[in-house]
Amino acid sequence: MLTQPTSHLVSPAAGTLENAGRTYRKKLSDLVGLYADEAAFDAAAALDGDRIVYQVQDRAPAQSKGDLIFGITQMQPGRIGDEYFLTRGHIHATGNRPEIYYGEAGQGLMLMESPEGETRIIEIQPRVMCYVPPFWIHRAINVGQDALVMTFMYPSDSGQDYGVMHKHRACAATSWKTPDTGKKFQTRPTAPAQPPKFRRSMTAETANDCIRPHRSHRRSSGCCN
Ligand code: S6P
Ligand code: ZN
């Protein structure tokens, strides 16, 4: 039987998608291990662990290969230590599945890391479309003062692998403020704890720069939302 066409009003101001199939939210307390400054995270989580960092609404008309999942991500502005609020980040479980993000409101970054450890950053703002190619780890960051709202769509059989962020540490996919230099963000050099098989090399320099102690042993984001 054919799936029926549907229409979905996007509200950039509210960060919502009309007639979405599901909504989930990530609170600060859900995001243990994401931020470099663990003391700042612990303090913020103790103070207001229920604070919503981001909300996702999406619609999956059918799970079958060949269909699409589409939706909206609304990220609140904020920082933990010097880092802006960010999403967990993932690679698609079916690695060769791409994704499109489209800026609706606010100012953000899409941080991407290739299987070779190359980092790319695309600035997101209203009406900017960002193509996340197959096999690239991706994570969004709200670097603005207001909510960052992006719509997205990707093949329905993509799936998400969140474990990749722990396994590969994905240090490159992190940003922080540098008020002294006037830069809005920087990225950390890629430096996995144990270089995954597909990485070519890791220098002592980049290894030393990977200062983030990961907590994958404390809690894993798993593959569920
Ligand atoms: C899924 C797509 C988005 C993200 C959402 C939250 O492939 O990229 O729906 O799930 O932006 O990010 P994350 O990393 O917490 O799933
Ligand atoms: Zn994705």
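Both ligands and their constituent atoms are indexed starting at 1 by order of listing.
- Between Phe135 and Ser114, every side-chain heavy-atom pair lies at or beyond the 4.5 Å cut-off.
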Apply side chain to side chain contact (heavy atoms under 4.5 Å, CB included) to Lys26 and Ile52, showing your working.
-> CA-CA 6 Å; Lys26 288 295 168 194; Ile52 303 294; over 6 Å; no

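- Of the N and O atoms on the side chains of Arg88 and Tyr162, at least one donor lies less than 3.5 Å from an acceptor on the other residue.
- Close contacts between ligand 1 and Tyr154 involve ligand atoms 1 (C), 2 (C), 7 (O) [criterion: under 4.0 Å to a heavy atom].
- Close approach of ligand 1 to His138 is summarised as follows: ligand atoms under 4.0 Å from at least one heavy atom of the residue are 8 (O).
- Other residues, nucleotides and ligands contribute at most 12 non-hydrogen atoms within 6.0 Å of the CZ atom of Arg120.
- Using a 3.5 Å distance cut-off with no hydrogens or angles, the side chains of Gln160 and His92 do not pair a donor with an acceptor.
- The atom of Glu99 that is an N, O or S and sits closest to the Zn ion (ligand 2) is OE1.
- Those atoms of ligand 1 that come under 4.0 Å of a heavy atom in Thr73, given as number and element, are 5 (C), 11 (O).
- The backbone N or O of Gln57 lies less than 3.5 Å from no partner atom in the side chain of Thr23, so there is not a single donor-acceptor pair.
- Of all atoms in ligand 1, numbered sequentially from 1 with element shown, those under 4.0 Å from a heavy atom of His92 are 7 (O).
- When side chains are defined from C-beta on, Ile69 counts as touching Tyr154, because their heavy atoms get closer than 4.5 Å.
- For atom 4 (C) of ligand 1, the nearest non-hydrogen atom from the set Tyr162, Tyr101, Phe152, Tyr54 comes from Tyr101.
- His92 contributes NE2 and His90 contributes NE2; the angle these two atoms make at the Zn ion (ligand 2) is 110°, rounded to 10°.
- Close approach of ligand 1 to Glu99 (heavy-atom distance below 4.0 Å) involves ligand atoms 1 (C), 2 (C), 3 (C), 7 (O), 8 (O).
- Short contacts between ligand 1 and Val56, defined as distances under 4.0 Å to a heavy atom of the residue, involve ligand atoms 5 (C), 6 (C).
- A donor and an acceptor atom, one from each side chain of Thr151 and Glu104, are located under 3.5 Å apart.
- Not a single heavy atom of Ala140 sits less than 4.0 Å from an atom of ligand 1.
- Taking 4.0 Å as the cut-off, Tyr24 counts as a neighbour of ligand 1 on heavy-atom distance.
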